[in-house]
Amino acid sequence: MDFALILFVLLLLTAVIKLIDKVVLKPRRIEQYGEEQEDYRPWWVEYSVSFFPVILFVFVLRSFVVEPFRIPSGSMLPTLQDGDMILVNKFNYGIRLPIVDQKIIPLGDPQKGDVVVFRYPVNPDIDYIKRIVGVPGDTVAYIGKRLFINGEAVDTTVLGPYVNPSQQAGNPLKLQEKIDGKTYETLNMPGDGAYLSGRSFPFAQNCEYAATDFKCTVPEGHYFVMGDNRDNSEDSRYWGFVPDNHLVGKAFFVWMNFGDLGRIGSIK
């Protein structure tokens with residue numbers, strides 16, 4: 001279910017009831033019961049009037065300021081783990097109308113290296129989280145498990161083995177990448193990567209595939225995203241570019257992980 005839509009309907013319903021009470025029902029109660037009229041509110045009016053400010057606060061907070069999400073998989077290891085509960089900044093990239101996701105006030109543009117939540121282009125009812133590695137006009141390539149942006153190899157350092165048997169099987173290497181001054185960690189499994197040829201999606205003509213390697217030029221109004229767990233992430237390599245109007249916001253903080261309280265902190 002679309003929680004934002006449900007919240008909007010509840011807000012609209014309680015607002016209408018509150019207005020009807022103020023304009024129609026309250027004068028009638030005053031006329032009938034005098035100053036003690038508040039004690040004679042119907043239960044449905046009482047609940048609506050009481051819950052309206054709470055619903056309004058949650059709606060505004062969730063629509064324009066910050067929204068919580070839960071990480072459901074290991075596609076962003078080692079940055080984010082399955083079970084991390086994160087907060088997403090909703091205004092970093094502009095103020096959008098809730099429900100329709102139409103940007104009305106531009107405040108900033110996504111940058112390479114940002115971790116973003118977005119509506120999955122294949123099924124917009126599902127939210128995904130990945131890292132932006134290409135903005136409009138960039139040419140992104142992944143050759144021999146090495147990331148290139150506009151023909152230049154991304155600064156990469158091998159940090160050593162990654163050991164987390166509860167989250168990631170196998171023997172991946174942990175690497176450190178640096179894009180536009182932002183430093184973060186990725187995982188790389190030994191052996192060949194996924195076979196990528198034959199993909200079909202909007203603007204697929206902007207991409208060239210060769211077995212496990214690819215090169216894509218990002219179209220205007222779109223972004224190229226990848227999971228930090230490079231060999232275990234379904235991302236732009238498979239289903240294409242993320243339209244700007246699919247962006248939900250920038251992930252910036254892990255506020256809880258019931259399995260590991262040490263996970264609480266900012267997201268790189």
Sorted by chain and residue number, the salt bridge (Lys or Arg N to Asp or Glu O under 4.0 Å) partners of Asp138 (sequence neighbours excluded) come out as Lys112
Per side-chain contact (heavy atoms from CB on, under 4.5 Å), Leu77 is matched among Leu187, Asn232, Asp228 by Leu187
Here the salt bridge (Lys or Arg N to Asp or Glu O under 4.0 Å) pairs for residues 53-64, sequence neighbours left out, are Arg62-Glu67
With Phe57 as partner, the option from Ile55, Val54, Val60, Leu61 fulfilling side-chain contact (heavy atoms from CB on, under 4.5 Å) is Leu61
Does CZ in Phe8 sit with more than 12 non-hydrogen atoms of other residues, nucleotides or ligands closer than 6.0 Å? no
Contacts of Lys174 meeting salt bridge (Lys or Arg N to Asp or Glu O under 4.0 Å) (sequence neighbours excluded), chain-then-number -> Glu185
Quiz item: Do Val242 and Val116 have side-chain heavy atoms sitting under 4.5 Å apart?
Solution: no
Open item on the list: Is the shortest side-chain heavy-atom distance between Tyr223 and Val135 below 4.5 Å?
Closed with: yes
Tracing side-chain contacts under 4.5 Å among Ile, Leu, Val, Met, Phe, Trp and Tyr outward from Phe148 reaches Ile143
For residues 202-216, tabulate all N or O donor-acceptor pairs below 3.5 Å that involve a side-chain atom, not counting sequence neighbours.
{"unit_1": "Asn206", "atom_1": "ND2", "unit_2": "Thr217", "atom_2": "O", "d": "3.0"}
{"unit_1": "Tyr209", "atom_1": "OH", "unit_2": "Arg237", "atom_2": "O", "d": "2.9"}
{"unit_1": "Asp213", "atom_1": "OD1", "unit_2": "Gly144", "atom_2": "N", "d": "3.1"}

Residues 226-268 vs disulfide (SG to SG under 2.5 Å), sequence neighbours excluded, gives none
So salt bridge (Lys or Arg N to Asp or Glu O under 4.0 Å) across residues 259-268, not counting sequence neighbours, yields Asp84-Arg263
Could you tell me how the ring of Phe241 sits relative to the ring of His222: parallel (under 30°), tilted (30 to 60°) or perpendicular (over 60°)? perpendicular
With a 4.5 Å cut-off on side-chain heavy atoms, are Arg29 and Asp21 touching? yes
Take a 6.0 Å sphere around CZ of Phe51 and say whether it holds more than 12 heavy atoms from other residues, nucleotides or ligands.
no
Residues 69-138 vs disulfide (SG to SG under 2.5 Å), sequence neighbours excluded, gives none
Check whether more than 12 heavy atoms from other residues, nucleotides or ligands sit under 6.0 Å from atom CG of Asn171, and answer yes or no. no
Residue set satisfying salt bridge (Lys or Arg N to Asp or Glu O under 4.0 Å) with Arg28, at least two apart, ordered chain then number -> none
In short, disulfide (SG to SG under 2.5 Å) pairs touching residues 54-106 with sequence neighbours left out are none
Item checked: Min side-chain heavy-atom separation Val65-Lys90 under 4.5 Å -> no
Contacts satisfying ring-ring contact (aromatic ring centres under 6.0 Å, His included) that involve residues 74-99 (not counting sequence neighbours) are none
Applying ring-ring contact (aromatic ring centres under 6.0 Å, His included) to Phe118 and not counting sequence neighbours gives Trp239
Pairwise side-chain contact, Leu147 with Ile179, heavy-atom cut-off 4.5 Å (strictly under): yes
Assign the ring pair Tyr47 / Trp43 to parallel, tilted or perpendicular, where the plane angle (0 to 90°) is split at 30° and 60°.
perpendicular
Do Ser75 and Glu234 have side chains that approach each other closer than 4.5 Å (heavy atoms only, starting at C-beta)?
no
### Query
Any side-chain heavy-atom pair from Val45 and Ile17 closer than 4.5 angstrom?
yes
Can you find a heavy atom in the side chain of Arg119 that is under 4.5 Å from one in the side chain of Asp127? yes
Identify whether Leu247 and Val140 are in the same connected component of the hydrophobic contact network (ILVMFWY, side-chain heavy atoms under 4.5 Å).
-> yes
Are Arg131 and Asp235 within salt-bridge range, i.e. N to O under 4.0 Å?
-> no
The single option from Ile71, Asp82, Ile86, Val115 that satisfies side-chain contact (heavy atoms from CB on, under 4.5 Å) with Met76 is Val115
